[in-house]
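Here the structure comes first, spelled out in structure tokens, and everything after it is commentary.
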Number of protein chains: 2
Amino acid sequence: MNIKEAGQRAGLPAKTIRYYEEVGLIRPLRDSNGYRAFRESDVHKLGFLGRARALGFTIEDCRVLLSLYEDQSRASADVKEVAQKHLAQISDKIAALQTMQDTLSHLVACCHGDDRPDCPILADLAPPNPPPPKLRKP
Amino acid sequence: MNIKEAGQRAGLPAKTIRYYEEVGLIRPLRDSNGYRAFRESDVHKLGFLGRARALGFTIEDCRVLLSLYEDQSRASADVKEVAQKHLAQISDKIAALQTMQDTLSHLVACCHGDDRPDCPILADLAPPNPPPPKLRKP
DNA sequence: CCTTGACCTTCCAGTGACTAGAACCCCTAT
DNA sequence: ATAGGGGTTCTAGTCACTGGAAGGTCAAGG
């Protein structure tokens, strides 16, 4: 099976698959013409990677998860640990984004959004010390 | 004022300030020795940028916001529009992360996390078609 | 005067996970 | 023979920095 079909079956673009090979996540065979030759097991791995990436695992996480997946004597605790660490990072990101969201939505709600220059959004972004006066004093 | 002091006052590392100059967000003067010479107005802009970046605005957003900030004849609607678009992106990111979080926390809760290989996390990552049998059939 | 150390400068490379594009090869069908 | 739709490699770009190397500048101390 060539790269395009493998990609369609796994739901990944060909470019991504080449990248996954480059970083050593998969090792498809090669035909005599140099084309990558994907086995069912390769497509299966690609599907695994696609799902892991969709859950936000990094490539390095994927590498670990894939090796655990293929290790029949794995301990589920090892898998769980990877997942828990990732969950913690997701929580951190969500918290950071929600802080931004809270601040920003408040500011947006306060902004008239008309043709006048008064704007609480800019006022909040501006540091507390006054902007440099570009006015001449009479 | 040299770059380090400007950075301390604005709460930004010197490297970041050099980068901001490189992309044209600020244009500090230069001393005769080639050192950047920061005015109060530069430090003020840097503070603005730091806050905008902390709210997750991209550099390009910052460029727009800064020009609006300095334009006394701006319309607050223009500021609001930038902020609202950004808010929408934040919401999208949060939603995507929460989907991951929901899926993953469920899986983690289901995983025994012991020394046995059974693992619902890996089971969920694996595509539905069965893994390649590496067993010899008798 | 010389050195030390803390600054400053520029330039280059790397981050993560792709993605776009160029230049070229291969295979099948008309 | 050629047109098209595959495939291949390689380079460079994304985003917003960050680290490091190589070297210039300055004030203080010996």
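Order of the sequence lines fixes the chain letters, A, B, ..., with proteins taken first and strands second; residue numbering starts at 1 for each chain.
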Anything under 3.5 Å between a protein N or O and an N or O of nucleotides 22-26 of chain D, put it in a table, one pair a line.
from: dG24(D); atom 1: N2; to: Tyr35(B); atom 2: OH; distance (Å): 2.8
from: dT25(D); atom 1: O4'; to: Tyr35(B); atom 2: OH; distance (Å): 3.2
from: dC26(D); atom 1: OP1; to: Asn33(B); atom 2: ND2; distance (Å): 3.2

Sort me out a list of protein N/O and nucleotides 2-4 of chain D N/O pairs below 3.5 Å, or just none if empty.
none

Listing time: all N or O pairs from protein to nucleotides 15-17 of chain C that are below 3.5 Å?
from: dA17(C); atom 1: OP1; to: Ile59(A); atom 2: N; distance (Å): 3.4
from: dA17(C); atom 1: OP2; to: Ile59(A); atom 2: N; distance (Å): 3.4
from: dA17(C); atom 1: O3'; to: Arg53(A); atom 2: NH2; distance (Å): 3.3

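Phosphate contact (OP1/OP2 of dT19(C), side-chain N/O of Thr16(A), threshold under 4.0 Å): present. For the OP1/OP2 pair of dG6(D) and a distance below 4.0 Å, the side-chain nitrogens and oxygens of Lys4(A) include at least one atom meeting the criterion. Side-chain N/O atoms of Arg63(B) include none lying less than 4.0 angstrom from OP1 or OP2 on dA16(D). A close approach under 4.0 Å does occur between a side-chain nitrogen or oxygen of Arg36(A) and OP1 or OP2 of dT8(D).
Legend: residues meeting side-chain contact (heavy atoms from CB on, under 4.5 Å) with Gln84(B), ordered by chain and number and at least two apart, are Val108(A), Lys80(B). In this structure Arg63(A) satisfies the side-chain contact (heavy atoms from CB on, under 4.5 Å) test together with Val23(A), Leu25(A), Ile59(A), Glu60(A), sequence neighbours excluded. Residues forming a side chain to side chain donor-acceptor pair (under 3.5 Å) with Ser91(A) (at least two apart in sequence, or on another chain): Gln101(B). With sequence neighbours excluded, the residues that form a side-chain contact (heavy atoms from CB on, under 4.5 Å) with Met1(A) are Glu5(A), Ala6(A), Arg9(A), Phe38(A), Glu40(A), Val43(A).
In terms of heavy atoms, Leu55(B) sits closest to Ile90(B) at O-CD1, 4.1 Å. Between Arg74(B) and Tyr69(B) the shortest heavy-atom distance is NH1-O, 2.9 Å. Residue Arg53(B) comes nearest to Thr58(B) through the heavy atom pair NH1-CA, 4.0 Å, listed as atom of the first residue, atom of the second, then distance.
When the C1' atom of dT8(D) is taken as reference, atom CD1 of Ile17(A) falls 15 Å away, rounded to whole Å. Note: NZ (Lys15(A)) to P (dA22(C)) measures 11 Å, nearest angstrom. A straight line from CD of Gln8(A) to P of dG6(D) spans 9 Å, rounded to a whole angstrom. Atom-to-atom, CD of Glu5(A) to C1' of dG5(D) comes out at 15 Å; the value is rounded to the nearest Å. Put simply, CZ on Phe38(A) is 15 Å from P on dG6(D), counting in whole angstrom units. Look at CZ on Arg18(B): it is 14 Å from C1' on dC12(C), rounded to the nearest Å. Note: CD (Glu22(B)) to C1' (dT10(C)) measures 10 Å, nearest angstrom. Nucleotide dT8(D) holds its C1' atom 17 Å from the CG atom of Leu29(A), rounded to whole Å.
Counting only residues at least two apart or on different chains, the side chain to side chain donor-acceptor pair (under 3.5 Å) pairs with a member in residues 17-29 of chain B are Glu21(B)-Arg30(B), Glu21(B)-Arg36(B). For residues 83-95 of chain B, the salt bridge (charged side-chain N to carboxylate O under 4.0 Å, His left out) pairs, not counting sequence neighbours, are Glu81(B)-Lys85(B). Listed by first and then second residue, the ring pair (Phe, Tyr, Trp, His ring centres under 6.0 Å) pairs that reach into residues 78-112 of chain B are Phe57(B)-His86(B), sequence neighbours excluded. Sorted by first and then second residue, the salt bridge (charged side-chain N to carboxylate O under 4.0 Å, His left out) pairs with a member in residues 96-115 of chain A read Asp114(A)-Arg116(A); sequence neighbours excluded.
Taking the side chain as every heavy atom from C-beta outward, Ser76(B) and Asp118(A) never approach each other to under 4.5 Å. Looking at Val82(A) and Ile121(B), their side chains never come closer than 4.5 Å, going by heavy atoms from C-beta outward.
Taking the C1' atoms of five terminal pairs at each end of the helix from dC1(C)-dG30(D) to dT30(C)-dA1(D), the two resulting helix axes are inclined by 40°, rounded to 10°.
At least one donor-acceptor pair closer than 3.5 Å links the side chain of Thr103(A) to the backbone N or O of Thr99(A).
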